[in-house]
Peer 1: 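Input: one structure, supplied below.
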Amino acid sequence: MPMPRARTRSEAHVYMDLVPCPCGENEFDPDVDVLDPEPPRVLRYFGECPRCGRSREFVFELAAPPAGEPSGFVLGHGDEPSTIIDAGQWLLVAEMSRRVLEHLAESGESLTAAQIPAVHDTVLLAAAAVDEIRKFLPAGASELPADAFWTEQGRAVRSVAGELLRPDELAAARARRWAAVAEFEALYGIDEDDEDETAVPPAGPSPARGDVSFR
Ligand SMILES: [Zn+2]
């Protein structure tokens with residue numbers, strides 16, 4: 001099997017989240033080594049499963065970012081679809097992120113400054129994952145091609161996804177999710193061009209989570 005090729009580090013992390021430890025644990029907080037610094041770089045993520053202690057490792061080839069691309073949260077530059085995460089798995093990622101956000105919104109609790117960067121990432125992931133599904137859709141096609149679902153997990157998602165994978169529904173979801181990103185960033189004073197993910201928003205009353213809709 002060729003080395004998995006991640007387009008970005010963010011994509012590598014999504015991939016690792018989709019592959020549980022043999023014990024069933026998805027949680028994995030790896031360290032990273034650069035095995036080959038020349039583009040395409042080779043990265044080795046390694047660490048122990050927090051549940052069973054097993055050593056886990058993932059090695060990725062990391063595509064060189066294209067020159068002149070805007071910074072910020074990107075799963076894959078340009079229009080090329082992923083080669084390591086299929087369309088069904090992207091839907092799984094998008095829906096899981098959406099559920100996390102809905103759960104937070106329903107709790108009505110304010111976010112602490114320390115929580116904001118992680119929730120911001122989840123809001124971005126819920127939107128960007130929909131973009132990744134759409135990259136598998138040929139122009140003008142009325143449905144995603146069968147070969148966009150090459151994993152068992154992706155095919156299982158496809159079999160139950162119903163209208164969620166329809167091109168019109170994907171377009172609508174995309175618009176809603178990116179609007180939610182803009183709303184979140186406005187609410188918490190996040191500058192979308194700010195690369196510093198640990199940035200703390202300006203002091204002030206913290207708005208309630210319930211003010212944001214994520215659908
Ligand atoms: Zn384990």
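If you're wondering where the values come from, they're calculated on a predicted model, not measured in any experiment. When a ligand or atom number is given, it counts from 1 through the structure's own listing order.
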Peer 1: Tell me whether the guanidinium CZ or amine NZ of R155 lies under 6.0 angstrom from the six-membered ring centre of F149 and within 45° of its axis.
Peer 2: no
Peer 1: Could you pull out the N/O/S protein atoms under 2.8 Å of the Zn ion (ligand 1), ignoring any water?
Peer 2: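 Metal shell, protein only: C21 SG, C23 SG, C49 SG, C52 SG.
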Peer 1: Tell me if the centroids of the rings in F28 and Y45 come within less than 6.0 Å of each other.
Peer 2: no
Peer 1: Can you check whether F184 and H120 have ring centres sitting under 6.0 Å from each other?
Peer 2: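 Between F184 and H120, the centre distance is under 6.0 Å.
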Peer 1: Just verifying a value: how many Å separate T83 OG1 and E61 CD, rounded to the nearest 0.5 Å?
Peer 2: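 Result: 9.0 Å between the selected atoms.
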Peer 1: Taking only Lys NZ, Arg NE, NH1 and NH2, and the carboxylate oxygens of Asp or Glu, determine whether E57 and R44 approach each other closer than 4.0 Å.
Peer 2: yes
Peer 1: Between R177 and E95, is there a side-chain N and carboxylate O pair less than 4.0 Å apart?
Peer 2: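 Looking at R177 and E95, the cut-off is met.
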